[in-house]
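The figures that follow rest on heavy atoms only: side chains count, while hydrogens, waters and symmetry mates do not. Just so you know, ligand 1 is whichever comes first in the structure, and atom 1 is the first atom listed for that ligand.
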Amino acid sequence: MAPTVTSVDASEPRVASIKTLADSDALTSVPSEYAYIMDPNDKGDANDPEHSIPVIDFALLTSASPDERAQMIQKLGKACQEWGFFQVINHGVPESLMKEMIDACQRFFELPEEEKKEFHTKNLLDPIKCGTSFNVAIDKVRLWRDYLKVIAHPKFNSLYKPAGYSEVSLEFSKRTRAVATEILNGISESLGLEPDYIAKAMNWDRGCQILAANYYPACPQPDLAIGIPPHTDHGLVTLLIQNDMCGLEVKHNDQWVLVNAAPGAFIVNYKSIWHRATVNNIATRISIAVPHGPALDTPALPIPVLLEKEGEKAKYIGMTYEKFMELQASPAAYMMPCLDHLRVKDN
Ligand code: OGA
Ligand code: NI
């Protein structure tokens, strides 16, 4: 057999994880490849109480009382239009399960680097992958973040380590998907459609669900680094949970707003809205973003009955979810919201 040739791959990061770097005692400043200088005009405004994302009460959204449900659906529609981000409370997923899921992910990130290596893959849709930054092959600036992505639906995939991850992630993914389904149905109804209209059109029963955990260690100079720079997500609805550290910021009316959710709430992202993850110098922040999308082969398109109702022409072309995810992971997504790449050119 021919000997295995190993070559130095320029896309390999200098450190396997930001955790390794952040754990070293000597680290007192941000190394140059991580330096992310933010425009002063782009700084977040964390202290404006007028600016917090809307709250959706899941118990009312799924209430047996038509009045209660109708009111919450209206509120949901408004939250989607005006913010694209909201928090969902009273959803019934135990806070203890959320904590166990975060703990399981933390234990994964804390495994020795050697043990995580087998999950270092390059393909976007590999069922399990972990790594650092975003895409080290194209990142101009390294991100202060490690990640673990596991596809949990339509086929449930899991890790055999750390102990407990598999069981917890199965329960968490099922419960989270059930909440996402109700939110999607509520959004469908808020648009004047049948509750299951979007789910049917997007082949939700074969829909893609990804458990995407982010690990942001404390950073000695948080103003000089970024966890995830401004981007838009690819899913239909992304549900996010976090440990007790904040850091997610959402762009609303041209201002960055720090998301401060109630303990145990899901933070939900529906529209293609800019958001980013900042880092802090106090403690490790862990978040788990759970994008729920259409089936991979299913194109998302403007809804014909809504266009007819408004007497409008489609402003976007359709694209399969798989292609859209590729677009979202490409450098093009840094320039403008990925949805804007699908805009029909005005003539
Ligand atoms: C993401 C994301 C934000 C956060 O994973 O797409 O936007 O707060 N995460 O970790
Ligand atoms: Ni995101």
*Would you call the rings of Phe172 and Phe266 parallel, tilted or perpendicular, where under 30° means parallel and over 60° means perpendicular?*
tilted

*Using a distance threshold of 2.8 Å, what protein N/O/S atoms lie below it relative to the Ni ion (ligand 2)?*
His231 NE2, Asp233 OD1, His275 NE2

*asked:* Would you say NZ of Lys161 has more than 12 non-hydrogen atoms from neighbouring residues, nucleotides or ligands within 6.0 angstrom?
replied: yes

_Can you confirm whether more than 12 heavy atoms, excluding those of Gln221, are under 6.0 Å from its CD atom?_
yes

*Decide, yes or no, whether a salt bridge links Asp297 with Arg206 under the criterion of side-chain N to carboxylate O below 4.0 Å.*
yes

*Return the protein residues near ligand 1 (heavy atom under 4.0 Å from any of its atoms), ordered by chain and residue number.*
Asn214, Tyr216, Ile228, His231, Asp233, Leu240, Leu248, His275, Ala277, Arg285, Ser287, Ala289

*With a distance cut-off below 6.0 Å to the six-membered ring centre and an angular limit of 45° from the axis, does Arg285 pair with Trp144 as a cation-pi contact?*
no

*When the ring planes of Phe108 and Phe119 are compared, do they come out parallel, tilted or perpendicular, using 30° and 60° as the limits?*
tilted

*In this structure, are over 12 heavy atoms from other groups packed under 6.0 Å from Lys271 atom NZ?*
yes

*Could you please spell out the steps behind the salt bridge (Lys or Arg N to Asp or Glu O under 4.0 Å) verdict for Glu189 and Arg69?*
CA-CA 10 Å; Glu189 216 172 320; Arg69 177 164 162 80; 2.4 Å; yes

_Could you check whether Glu110 pairs with Arg107 (Lys NZ or Arg NE/NH1/NH2 to Asp/Glu carboxylate O, under 4.0 Å)?_
no

